[in-house]
Amino acid sequence: MNRDQLIFTPGPVKEYPEISELGGLQTPYFRNRAFSEVVLETEQQLLQLANAPKGSRAVLLTASGTAAMEAAVLNLVAPEHKAISVISGGFGQRFADICRVHRRQHSPYHPAFDDDLSDTGSLMQFADHDVLLINGHETSICHRFNLEQVGRFCHENQILHIVDAISMFLTDELDMQSQHIDALIISSQKALALPPGVAIIILSPRAIERLLPDPATLYFNLTDYLRDGERGQTPYTPAVSIILQLHQRLLQIASKGGLKAEIAKTREVAQFFRKGIAKLPLKIFSTHMANSVTGLSPTDGTSASQLVKEFEARYQMVLCPNGGELADTLFRVSHMGNITIQDTQRLIDALHDYFGVNQ
Ligand SMILES: *Cc1c(COP(=O)(O)O)cnc(C)c1O
């Protein structure tokens, strides 16, 4: 593995050295007061960053983000419920797959490519459903939904609003109160800029009330996590070191101006990048982008997957290829975590060199 490459992938992302180095220290024992305090403080910080309504709780799972998506479905979608799964790419499909595997009734809804659901009229056909599953930002095609409007639709129709915000938390506006979000899903390896291994679900009081008493899962029974979480503990051994890093990262965010500053920093980097590539034969892929990731399509016949491969070999920079149908037409550049303007300038320089275009 080459650890000196500059990574522009949407997870893992470039980390902060002062946080990374904590991962190399001895893992401490955790069934004690000191660790409980870290967990309790971490929960409070997360609730604040999400502007969670009073009475909300955050659960820390030792798993990747998909596990939190699955846990949300297992605990909040009853077999007699009807769920809407909004599908615009691979991660939306994942919610639908989770419903299928666990035999939950779900109506897949595929919005048009450039539809961010600012107009929720098309959702009215699902007004009698109980739960809506959506990826606030569909990372596979860099498409961001209008969560204000989707949340309003859910609120007006008494639909539980479950949002995978994994690739927009800390980079784009997210507000559980104004967006009427009942369950918010986060993962450690995106803008939190930590190693993968911790996934978070923030539950609103309404979601807590609706947790299924018998969710047919042991490890993902969220009620158990809520009970032990009251004293800052988890039912099973957590990713102790990553949680300690998470705690430190949240303190770092607070000391650097909080959420607004994080979002502003990512927006600045994203805009700098998008401006910097204007002369290149690259077309911005999506009409509704988040600040977190830019999706690009070569317009000169270059294969996107070939470009990603050559880029790593030539410039030691890792871009993110797409799979499947989009492998040759789309690649992605993340602006999350510790990616700076300087890093981004290096990438812009390399892209100009690659295409033989003067800046
Ligand atoms: C990265 C990501 C996930 C998480 O996937 P894991 O590999 O399970 O961590 C889920 N949803 C979205 C939108 C993502 O960007």
Side-chain angles (χ1 to χ4, degrees), residues 7-15 50 59-74 85-99 101-102 108-111 116-117 132-147 150 161-174 179 181 183-202 217 219-220 238-239 242-243 245-246 266 270 285-286 288-295 318-324 326 330-337 339:
I7 61 169
F8 290 93
T9 47
V13 307
K14 187 184 172 201
E15 297 168 4
V59 165
L60 303 177
L61 295 172
T62 292
S64 86
T66 304
M69 296 166 72
E70 187 158 18
V73 170
L74 281 169
S85 55
V86 177
I87 305 176
S88 63
F91 290 106
Q93 185 58 48
R94 191 166 298 177
F95 261 140
D97 290 343
I98 291 168
C99 288
V101 165
H102 296 291
Y109 178 63
H110 297 263
D116 71 343
L117 296 177
L132 182 138
L133 302 164
I134 191 168
N135 317 91
H137 175 239
E138 171 55 78
T139 323
S140 66
I141 59 160
C142 306
H143 181 72
R144 182 185 158 182
F145 286 105
N146 185 332
L147 290 178
V150 175
H161 189 202
I162 299 182
V163 177
D164 162 4
I166 290 178
S167 63
M168 62 182 287
F169 179 66
L170 299 179
T171 67
D172 291 82
E173 269 84 32
L174 202 55
Q179 296 166 344
I181 297 172
L184 185 77
I185 296 166
I186 304 167
S187 190
S188 56
Q189 80 276 27
K190 307 282 165 105
L192 281 167
L194 302 170
V198 170
I200 299 155
I201 307 185
I202 302 182
T217 167
Y219 192 75
F220 294 123
I242 303 175
I243 291 175
Q245 290 175 297
L246 170 61
T266 316
F285 189 76
S286 309
H288 299 283
M289 273 189 296
N291 297 317
S292 49
V293 193
T294 302
V318 188
L319 309 176
C320 188
N322 267 66
L326 292 171
L330 176 61
F331 70 95
R332 291 162 294 157
V333 174
S334 160
H335 314 296
M336 293 186 276
I339 288 292

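Order of appearance sets the numbers: ligands from 1, and atoms from 1 within every ligand.
At least one heavy atom of Q189 sits under 4.0 Å from some atom of ligand 1.
Between H137 and ligand 1, not a single N/O pair is under 3.5 Å apart.
Under 4.0 angstrom from ligand 1, the non-hydrogen atoms of I166 all belong to its side chain.
When atom types are taken as modelled, the side chain of N322 and the backbone of S140 share a donor-acceptor pair closer than 3.5 angstrom. Side-chain atoms of S188 come within 3.5 Å of backbone N or O of P195 as a donor-acceptor pair.
Taking every heavy atom of T66 and a limit of under 4.0 angstrom, the matching atoms of ligand 1 come to 5 (O), 6 (P), 8 (O). Below 4.0 Å from some heavy atom of S167 lie the following atoms of ligand 1, by number and element: 15 (O). The atoms of ligand 1 that sit less than 4.0 Å from any heavy atom of G65 are 4 (C), 6 (P), 8 (O), 9 (O). Atoms of ligand 1 found under 4.0 Å from any heavy atom of T139 (numbered from 1 in listed order, with element): 12 (C), 13 (C), 14 (C), 15 (O).
A donor-acceptor contact closer than 3.5 angstrom is absent between the side chains of T171 and H335. No side-chain N or O of H161 forms a donor-acceptor pair with one of Q179 less than 3.5 Å apart. Remark: the N146 side chain and the D116 side chain contain no N/O donor-acceptor pair separated by less than 3.5 Å.
Considering only heavy atoms from C-beta on, V198 stays 4.5 Å or farther from L192 through its side chain.
Protein heavy atom in closest approach to atom 6 (P) of ligand 1: S64 OG, 3.4 Å.
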